[in-house]
Protein chains: 2
Amino acid sequence: MRRDARRNVERLATAAGQIFRERGLDAPLEEIAKAAGVSAGTLYNRFGGRDALIDAVMPDVVEAKVREAMVRAEAEADPWDGFTLYLTLLCEMQATDLAVSDAVSRRYADAKRLNEICEAQMDGVRGLIAKAHAAGRLRADFTAEDLPYLLWTTSTVVRATASRAPDAWRRALAFTLDGLRPAAAHPLPAPPLTAEQVHAVMLDLGAKRSGQGR
Amino acid sequence: MRRDARRNVERLATAAGQIFRERGLDAPLEEIAKAAGVSAGTLYNRFGGRDALIDAVMPDVVEAKVREAMVRAEAEADPWDGFTLYLTLLCEMQATDLAVSDAVSRRYADAKRLNEICEAQMDGVRGLIAKAHAAGRLRADFTAEDLPYLLWTTSTVVRATASRAPDAWRRALAFTLDGLRPAAAHPLPAPPLTAEQVHAVMLDLGAKRSGQGR
DNA sequence: CCCTAAGTTGAGGTGGCTATCAACTTAGAA
DNA sequence: TTCTAAGTTGATAGCCACCTCAACTTAGGG
């Protein structure tokens, strides 16, 4: 690849990182091209489309953030504290970075690397959940497939309140977490989603234009 | 008004009712005009714009549904049962009628009648909450201003899962409700939104094009 | 320094939606 | 029946976003 082409790839990646973060993964690609100082055509030449751009930009960011959260969560002595800390950190990320919020609550069909990282993350969460279950600190009927409810909720609350009450999600999350302790448990009216359903639903979300996005 | 004009108003209102219900209050107005068998121009002639159309079509529907839910809720002997029944019915409406889902979780600046009805409904909910508080059956720190969190959550879950797991919201709601019992309560990290913040946020949501779209 | 493959550009086609308006049609009173 | 105010229409302009491509520019090897 020629030097100028490589330079443009880098500029585009940087711009995409910034703009995705500010406006979510549905941000107009033209905006990104403009921020990178190139034309939209170049963006398509270099990346081919939105999903490929996402897959070029997001995985590293997401993996780093998610890994750090996991490290901190696993450092907690109490499994419940670990579980809730992880969720809180995840929501914090969602609140400060719309790109992460989208990456974590949707799936983009052609962003393979990103999907793998998200799957890996889910496995990590399964571990946290298992530990909390084993310690009797998390209601037994909560499964990893229920996690998306939390992510969708936070993502919605965050987007709705970001400009007017940026900490509102903490309150909403606290209500939810209080429902996840064993003592709070009452029989649930429906079984959890299957992993396939979760995947399919998240793909649907990623395929829709405009999300809740600007 | 001429007879044909009145007839068109009726056709448009009927079509709007149907299409809003299926696709939400962001449905393309052209679609509605087409379903009514008139041109888009006529829709604008008769109603002037989306908000006016919403305000012409939705208030009666919403009021009827909300009133019935309130009647049934107030018929419950236990205030907690009343409160949760009301929320469940509200969510059921959201699940079966995207228009109601939008009407209840957003505000449209120029839909005055609808806004009044939503405000009135909020007052009813305040009553339910007060009774449940008085009976010690609802955690004391839950306020009417926290209700939107539930509505936003359900609205998101319903839209995401409608086509693949139409009952998923029941499980998500159950987790949430389990967090609202007094026994589940742990200190909350942030104060509730003010009524003004809730209003402003809901207006923002209504003003965005495409919501979770289609 | 020249030449060409690699790369960029920006204009333009596509599509979806909103909103308006001059030209046409029609209800219904006189 | 006639006439006109009321009403409808379809074309159109404006947005915004996606995506493509022929024409142009340039890096960098020979």
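Keep in mind that the numbers below use all heavy atoms, side chains included, and drop hydrogens, waters and symmetry copies. Note that the structure is predicted; figures quoted are calculated from it, not measured. Convention: sequence-line order gives letters A, B, ...; per-chain numbering from 1.
Atom C1' of nucleotide dG14(D) and atom CD of Glu30(B) are separated by 13 Å, given to the nearest angstrom. Regarding Leu25(A), its CG atom lies at a distance of 13 Å from the P atom of dC18(D), rounded to whole Å. Straight-line distance from the CG atom of Asp51(A) to the P atom of dC18(D): 12 Å, rounded to whole Å. Look at CG on Leu43(A): it is 13 Å from C1' on dT9(C), rounded to the nearest Å. With rounding to whole Å, Arg6(B) atom CZ is found 15 Å from dA6(D) atom P. Between Asn45(B) atom CG and dA5(D) atom C1' there is a gap of 14 Å when expressed in whole angstrom units. Across the protein-nucleic acid pair, Asn8(B) atom CG and dT25(C) atom P stand 17 Å apart, rounded to whole Å. Taking atom CD1 on Ile32(A) and atom P on dC19(D), their separation rounds to 12 Å, with Å as the unit.
Comment: Asp4(B) does not engage Arg11(B) in a salt bridge, judged by the lack of any side-chain N to carboxylate O separation of less than 4.0 angstrom. Ion pairing between a basic and an acidic side chain is recognised when a charged N comes within 4.0 Å of a carboxylate O; Lys112(A) and Asp51(A) show no such pairing. Residues Arg106(B) and Asp204(B) are not paired through a salt bridge, judged by the lack of any N-O separation under 4.0 Å between the basic side chain and the carboxylate. Between Asp146(B) and Arg171(A) a salt bridge is recorded (basic side-chain N to carboxylate O distance below 4.0 Å).
Along DNA chain C, the nucleotide closest to Thr42(B) and the one closest to Met1(B) are compared, and the more 5′ of them pairs with Thr42(B). Residues Leu29(B) and Asp4(B) both approach DNA chain C. Their nearest nucleotides, taken by heavy-atom distance, put Leu29(B) toward the 5′ side.
Between Tyr44(A) and the phosphate of dC19(D), there is a side-chain N or O to OP1/OP2 separation shorter than 4.0 Å. Between dG28(D) and Arg2(A), no contact under 4.0 Å exists linking OP1 or OP2 to a side-chain N or O. Using a 4.0 Å cut-off, some side-chain N or O of Arg3(B) falls inside it from OP1 or OP2 of dG28(C). OP1 or OP2 of dG7(C) has not a single side-chain nitrogen or oxygen of Arg7(A) nearer than 4.0 Å.
Distance from the side chain of Ser39(A) is smallest for dG10(C) among the nucleotides dG10(C), dC17(C), dT8(D).
The shortest side-chain heavy-atom distance between Thr176(B) and Tyr149(B) does not fall under the 4.5 Å cut-off.
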